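Note that the coordinates shown come from a computational prediction; the quantities given were computed from them, not determined experimentally.
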Amino acid sequence: MSRILLVEDDRDLNLTMKAFLIRKGYEVSSCLDVSEAWDAVAENHIDLVISDIMMRNVDGFEFAHMLREDNQNIPIIFVSALGDINSKTRGFSEGIDDYMVKPVDFAELDLRIKALLRRAGIKERKRIELADFVMDEEERSAILNGSEIKLTSREFDILYKFLSYPKKTFTREALMNEFWPLESEATVRTVDVYVTRIREKTRDSQSFEIVTVRGLGYKAVLR
């Protein structure tokens, strides 16, 4: 499943766009300013960025410049009330890939997102198939050596995340932020317990292992 970073300082529009994108099957990290967005980039794998331009402190132009210094390939779409040619020219000069003027047709936005993900070689992943292990996100099933293993909903989501991005290290804090509600009393120790359970249930797999990255968190390593 592709993860989109949404940066929009209008709270109502942010919520509306986020809800639409989630309905379309994307994972969404939504932020109200560039400071929050930069933290999200550091903590999560991001496949595509949608950003406003006129925001407090740091604007979209500078954010795009920062992103391009860090990552030359991530697709960036500007969604802005600024429709003048100078704003568009500056946006593209900073390395963005597409530009839409508000009010935005959400259906068209979805088409443009799919086109950019396709060009970037990022496919919607609904199923993970390894030599002896298969996970189907829509069916919520995990099959090891031909037999289904029982995973809780949270165990499934954590393992699916690991296997979707093999070799990527996920910090305990990032996992807590994504898979536990803000009001939860879970701690980083809770994450360790879940990873231990996942390891126990998948220990017979010869296709992967969940490795501890000392001082950081965990990652999946394919064999």
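Shortest non-hydrogen contact noted between I46 and V41 is CG1-CA, 4.3 Å. The two residues L82 and I53 have their closest heavy-atom pair at CD1-CG2, 4.0 Å. Closest approach of T187 to M176, counting heavy atoms only: C-SD, 3.5 Å. Listed here is the closest heavy atom pair of T169 and G217: CG2-N, 4.4 Å. Across all their heavy atoms, L151 and A142 have their closest contact at CD1-CB, 3.7 Å. Minimum interatomic distance between N14 and C31 (heavy atoms only, all atoms of both residues): ND2-O, 2.9 Å.
Tracing side-chain contacts under 4.5 Å through hydrophobic residues (I, L, V, M, F, W, Y), one reaches I198 starting from L222; they form part of the same cluster. Taking hydrophobic clusters as Ile, Leu, Val, Met, Phe, Trp and Tyr residues chained together by side-chain heavy-atom distances below 4.5 Å, F162 does not share a cluster with V134. Taken together through direct or relayed side-chain contacts under 4.5 Å among Ile, Leu, Val, Met, Phe, Trp and Tyr, V211 and F170 form parts of separate hydrophobic clusters. Grouping the Ile, Leu, Val, Met, Phe, Trp and Tyr side chains by contacts below 4.5 angstrom, directly or via other members, places V193 apart from L216.
Y26 and D47 are not linked by any side-chain donor-acceptor pair at a separation below 3.5 angstrom, with hydrogens and angles left out of the test.
Scored by the salt bridge (charged side-chain N to carboxylate O under 4.0 Å, His left out) test, K18 finds no partners at all (sequence neighbours excluded). In this view, S184 satisfies the side chain to side chain donor-acceptor pair (under 3.5 Å) rule with no residue, not counting sequence neighbours. Under the rule for a salt bridge (charged side-chain N to carboxylate O under 4.0 Å, His left out), D10 has no partner lying at least two apart in sequence or in another chain. Under the rule for a salt bridge (charged side-chain N to carboxylate O under 4.0 Å, His left out), the partners of D192 that lie at least two apart in sequence or sit in another chain are R172. Here K102 pairs with E8, D52 under the salt bridge (charged side-chain N to carboxylate O under 4.0 Å, His left out) rule; sequence neighbours left out. Taking E129 as the reference, R127 meet the side chain to side chain donor-acceptor pair (under 3.5 Å) condition, with sequence neighbours excluded.
The list of ring-ring contact (aromatic ring centres under 6.0 Å, His included) pairs with a residue in residues 84-107, not counting sequence neighbours, reads F20-F106. Residue pairs that meet the salt bridge (charged side-chain N to carboxylate O under 4.0 Å, His left out) test with at least one member in residues 212-223, sequence neighbours left out, are E209-R223. Among residue pairs with one or both ends in residues 89-99, those qualifying as salt bridge (charged side-chain N to carboxylate O under 4.0 Å, His left out) are R68-D97, D98-R112; sequence neighbours excluded. Contacts classified as ring-ring contact (aromatic ring centres under 6.0 Å, His included) and involving residues 56-83 (residues at least two apart or in different chains) are given here: F61-F78. Every pair passing ring-ring contact (aromatic ring centres under 6.0 Å, His included) that includes a residue from residues 182-210 is listed here, sequence neighbours excluded: F133-F208, W180-Y194.
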Can you list, pair by pair, the side-chain donor-acceptor contacts under 3.5 Å of residues 32-39, counting residues two or more places apart and other chains?
unit_1, atom_1, unit_2, atom_2, d
D33, OD1, S35, N, 3.2
D33, OD1, E36, N, 2.8
D33, OD2, R56, NH2, 3.0
E36, OE1, L32, N, 3.0

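Using a 4.5 Å heavy-atom cutoff, the side chains of V104 and M17 are not in contact. Contact annotation: the side chain of R3 approaches that of S29 to within less than 4.5 Å [non-hydrogen atoms, C-beta and beyond]. Side-chain contact between I113 and I50: present, with at least one pair of heavy atoms (C-beta onward) separated by less than 4.5 Å. Side chains of D110 and L21 form no contact here, defined as non-hydrogen atoms less than 4.5 Å apart.
Within the 3.5 Å criterion, the main-chain N or O of L67 finds no donor-acceptor partner in the side chain of N71. Within the 3.5 Å criterion, the main-chain N or O of D132 finds a donor-acceptor partner in the side chain of S207. The backbone N or O of E200 lies less than 3.5 Å from a partner atom in the side chain of R203, making a donor-acceptor pair.
For the pair K161 and Y165, the cation-pi criterion (under 6.0 Å, within 45° of the ring axis) is not fulfilled.
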